[in-house]
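Heads up, the thing below is written out as structure tokens.
Because the structure is predicted, anything quoted here is derived from the model rather than measured. Numbered from 1 within each chain, the chains take letters A, B, ... in sequence-line order.
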Amino acid sequence: MPDKERLEDQLIEEALGRNAPPDLRSRILGAAQGSLADAPTPPQGTPSARMRRATSAVTRPINEPKPRPSRPVYKPQRNWAGAAVVAGFCAVFAVALTLFVVYSGDPADVQIPDAGPSASENPEHPIHEPGRRNDARDGQAPVDPTGTKPVPEPPEPKEEKAPDPQPESRLPEGKPESQPAIETPETPPKKEPVDTPPEPESKPEPAPEPEPKRESVEKPDADEPGTEAKPDTRAVVATFEAPPVGQKRYDYFTRRNADEKWREVHGLSGAWGVRKTEDGAYFEVLEGTELKVTGAPLTLANDALLHAEGEFAIKGAAEAITIELYNDRIYVDCLGLLTAVHVSRSGLLVEVTGAGILEAGRDKLELFCTDGEFKVGADTLTAGQCATLSDRGLSRRRDATKRDWSDTLLRTLPSRLLHGEGFETEPAGKMITGTREARDAATLGADRDGFVAAGNGLDAGVSFQFDGLHTQLSGEVIRVRYRARGANKLIVQCWNPDAKDNFGIDLTPGKAGEWHVLEIRMSDLRDRETMKVGASAGARYTSFGFHTTGTETELEVDWVEFVRAPRYED
Amino acid sequence: MHRRTGAVANAPQGLTSRSCHDTPPPKTGAQFFDPFWHPGGTGSLMSMTASDRMHELETLVAAHQRGVWRFLRFIGASPVEADDLTQETFLAVWQKPFEQRDEHATGAYLRTVARHRFLMLLRSRRRRPEVQNIEDAENVFAAKAGEDGGDEHVEALRECMQQLQGRARSAVDLFYGDGHSRAETARLLKMDEEGVKTLLRRAKEALRECVERKHGRKPE
């Protein structure tokens with residue numbers, strides 16, 4: 001297809017909402033800000049090398065032997081000499097170890113030169129354990145036989161390919177998935193019988209630099225059937241709503257390792273670390289899965305809200321979740337939960353017991369705590385504060401400005417569901433007034449049949465008890481979907497056992513017989529006794545009631561939600 | 001964890017998620033694209049304070065990020081690669097400021113940087129470009145998308161799309177909007193494949209003419 005036509009097609013797709021450019025402003029500016037903060041101070045004055053040379057004669061200890069005057073401080077020969085000594089030492093060491101391995105092993109293993117089976121029967125060398133994926137992939141044993149550290153490379157890598165088949169013959173079948181797929185079928189038939197050296201384990205010296213062969217792992221276009229068969233026993237650490245099929249743009253991507261491309265989670269099998277729930281409404285994220293999310297929410301296993309615009313992995317379990325942030329930023333809200341969420345980045349660790357934004361910089365984290373607290377060791381960042389966390393601890397602590405509070409991320413956040421009653425089943429506490437009744441989809445104005453809580457007659461109402469105590473959080477909002485007839489007034493109220501009073505508000509009902517969604521900030525509730533004391537964060541409630549006033553009223557409540565709306569400024 | 005299965009509630013005021021994708025490109029400040037601007041002068045990025053530089057970058061990104069992303073997609077980058085390369089392009093410019101004469105030149109420069117980055121990516125992954133000649137593609141893009149990188153064109157297309165009616169609109173929606181194949185589109189519209197092909201061709205011609213009219217140019 002000619003370029004012009006292809007471009008037209010692309011623009012038409014974009015006009016229809018598909019293939020549209022994302023808004024990368026915050027990401028690019030964030031990255032630029034990171035580079036600005038890390039930028040070195042512009043050099044001024046005399047170059048540092050000359051200064052060093054000039055002062056060395058003065059600052060050198062008297063008893064230290066003087067360097068030869070003819071040798072400048074930064075001459076490279078000095079390093080080469082050291083390198084030669086180290087290389088020589090390593091070569092001697094490698095030869096000694098090789099001899100040790102050869103003569104201390106079973107003579108039978110050593111003497112049979114082309115014994116493929118015997119090689120596989122030998123106990124695995126530590127460096128070829130399946131977990132050591134990179135070593136095994138390169139298959140050239142650039143590691144000392146103790147398995148502790150790579151042997152520094154000898155002068156020149158040998159061009160012969162003998163080492164390739166040698167470790168492969170010893171590799172277990174279940175070798176890592178990132179093993180270059182192209183190489184595996186090619187090497188064994190050609191090289192193995194011919195090139196296997198007489199001493200299979202005595203050749204640690206060919207150590208060409210390990211070059212990751214990425215092109216072969218970038219094409220995992222299909223799920224391997226072998227990987228699908230295994231049931232994944234990893235814990236579910238997060239869920240997110242499955243967007244409707246055919247949605248123009250998806251927000252969730254995953255990959256199996258850092259060498260792979262990100263792939264949309266839709267249509268992927270559980271082997272990729274995400275799987276759909278049985279009803280198909282949600283995706284579950286398994287522990288350790290790497291995700292890239294372009295501005296969409298997830299609910300963590302401890303019920304915290306994670307809204308991400310970046311790349312990260314979720315590790316741990318419900319009681320100790322750690323988000324390893326790779327790129328960009330996330331918003332975490334676990335205010336009021338029993339368990340905190342930890343966020344890590346390049347060895348830095350933040351314990352989030354409130355809510356806020358964490359943004360990855362180069363070896364640092366930019367923090368903005370909007371609610372509750374962020375804990376860093378013994379240090380704490382409180383609500384409304386920003387700071388930078390690096391390996392030197394918290395720095396540049398300041399109060400959040402209007403600009404921080406009007407961050408696009410905050411303004412586009414979804415609210416976090418704290419408690420919900422859909423009346424599909426009896427409320428976990430119990431129903432106090434009203435009865436559960438079935439309604440068809442048309443009556444509900446929904447896509448499927450369901451249940452409502454209903455009441456009728458004089459001052460009809462619906463109320464239920466919480467399963468335990470419900471503690472009010474800052475920014476909490478009550479949302480009710482209801483339909484009423486014959487009502488003069490609506491009353492929303494919650495019983496506060498500490499104050500021994502209801503906290504509520506009176507409202508005008510909407511149009512009779514039509515479904516409405518009511519939203520009330522909990523901070524707008526007042527005590528019913530004096531109507532002067534407002535409901536504040538931290539207050540506890542045992543029940544929720546939604547009542548009408550009127551002699552002959554009908555009330556149906558489809559659902560009730562308690563959500564936490566994030567704070568922001570326009 | 002409570003999960004609702006019924007109707008979706010209206011979000012509280014101010015909490016509805018807003019897409020930034022459809023926002024029109026902000027007008028760039030005249031001083032930013034000052035034709036007399038030159039590095040080292042009073043408006044130089046080099047001599048600006050950090051906050052000034054950040055502001056200028058913000059303006060540059062707002063004006064050109066969509067165009068750069070579109071261009072990268074056009075020359076064969078995947079959406080994720082386009083995201084990354086767009087960022088790299090602007091960071092490269094951020095780290096090494098350049099002279100900005102006008103929007104046209106700025107767009108061209110950014111596309112050049114983006115193209116180089118994309119080619120470097122292809123080389124590092126040992127991939128071949130899907131587009132035969134990237135330079136030609138760039139010329140086509142510059143001619144078609146215009147100074148704003150295609151924003152105006154897409155906006156015009158959106159308006160023209162309203163005028164498409166009936167089966168032509170359905171075919172365009174299914175094929176371009178939902179990404180169905182031509183055969184699938186034909187099946188859904190209960191037509192044969194050739195019919196869909198013709199329908200799409202005519203729809204595209206109509207859209208092209210409509211867009212050209214909006215741009216005040218004679219249709220080709």
Side-chain angles (χ1 to χ4, degrees), chain A residues 3-4 6-25 27-29 31-33 35-36 214-215 218 239 246 248 253 261-262 281-282 292 299 303 408 411-415 417 419-420 422 424 444-446 448 450 477 479 481 517 519 558-559 561 565 570, chain B residues 1-7 9-15 17-21 23 50 53-54 57-58 61-62 65-66 69-70 73-74 78-80 82-83 86-87 90-91 94-95 124-127 131 136-137 140-141 144-145 150 153-154 157-158 161 172-173 176-179 204 207-208:
Chain A
D3 286 342
K4 199 172 174 182
R6 206 163 45 78
L7 180 59
E8 276 181 356
D9 288 357
Q10 181 184 329
L11 295 174
I12 292 173
E13 284 178 6
E14 187 182 330
L16 288 166
R18 185 165 157 244
N19 202 7
D23 188 353
L24 299 168
R25 274 178 292 181
R27 176 176 157 173
I28 295 169
L29 295 175
Q33 268 169 342
S35 68
L36 178 71
R214 295 191 169 205
E215 72 282 1
E218 281 161 4
T239 56
K248 306 289 186 207
F253 303 83
K261 288 192 292 187
W262 292 103
Y282 289 84
K292 172 176 172 168
T299 304
D303 283 342
T408 317
R411 288 189 289 158
T412 54
L413 281 174
S415 44
L417 184 67
H419 181 84
E424 305 304 310
L444 285 174
R448 63 178 80 178
V477 174
R479 300 159 73 181
R481 186 170 192 257
V517 175
E519 293 175 1
D558 186 12
W559 47 258
E561 285 181 350
D570 277 322
Chain B
M1 194 183 305
H2 168 76
R3 290 172 179 166
R4 288 211 48 77
T5 53
N10 299 329
Q13 276 204 334
L15 296 176
S17 61
R18 278 167 255 162
S19 166
C20 302
H21 302 164
T23 50
R53 282 190 66 200
M54 188 54 72
L57 178 70
E58 206 171 333
V61 171
Q65 58 127 349
R66 284 177 300 277
W69 192 91
R70 264 182 217 119
R73 289 285 289 133
F74 177 55
S78 71
V80 176
D83 287 0
T86 304
Q87 177 176 328
F90 283 101
L91 287 184
W94 163 251
Q95 282 155 7
S124 70
R125 298 186 175 176
R126 295 181 194 175
R127 251 168 58 193
V131 177
D136 287 353
V140 168
F141 186 89
K144 187 88 182 170
H153 194 103
V154 170
L157 270 172
R158 283 201 186 107
M161 209 68 80
V172 168
D173 278 346
Y176 292 109
D178 297 338
K204 270 178 73 173
L207 287 172
R208 195 179 301 141

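- Most heavy-atom pairs under 4.5 Å with chain A: of the set B:V61, B:V172, B:V154, this distinction falls to B:V154.
- Remark: A:L16 CG to B:Y176 OH distance equals 10.0 Å, nearest 0.5 Å.
- Counting all heavy atoms, side chain and backbone alike, A:A15 lies closest to B:M161 at CB-CE, 4.1 Å.
- For A:Q10, the part lying near chain B is the side chain, with the backbone staying farther off; criterion is any non-hydrogen pair under 4.5 Å.
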Exercise for the section: For the pair B:D83 and A:K292, evaluate side chain to side chain contact (heavy atoms under 4.5 Å, CB included) and give the outcome as yes or no after the intermediate values. Expected result: CA-CA 12 Å; B:D83 287 0; A:K292 172 176 172 168; 4.2 Å; yes

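- Separating the CG atom in B:L91 from the CZ atom in A:R27 is a distance of 9.5 Å, to the nearest 0.5 Å.
- The NZ atom of B:K204 sits 5.0 Å away from atom CD of A:E8, with the distance rounded to the nearest 0.5 Å.
- For A:R25 (side chain) and B:E58 (main-chain N/O), no donor-acceptor pair under 3.5 Å exists by modelled atom type.
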Problem - Pair A:L11-B:R70, side chain to side chain contact (heavy atoms under 4.5 Å, CB included): steps then yes or no - result: CA-CA 9 Å; A:L11 295 174; B:R70 264 182 217 119; 3.8 Å; yes

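- The contact between B:Q87 and chain A is made by backbone and side chain atoms together, counting heavy-atom distances below 4.5 Å.
- A distance of 7.5 Å separates CZ of B:R66 from CG of A:D23, quoted to the nearest 0.5 Å.
- A distance of 7.0 Å separates CG in A:L7 from NZ in B:K144, rounded to the nearest 0.5 Å.
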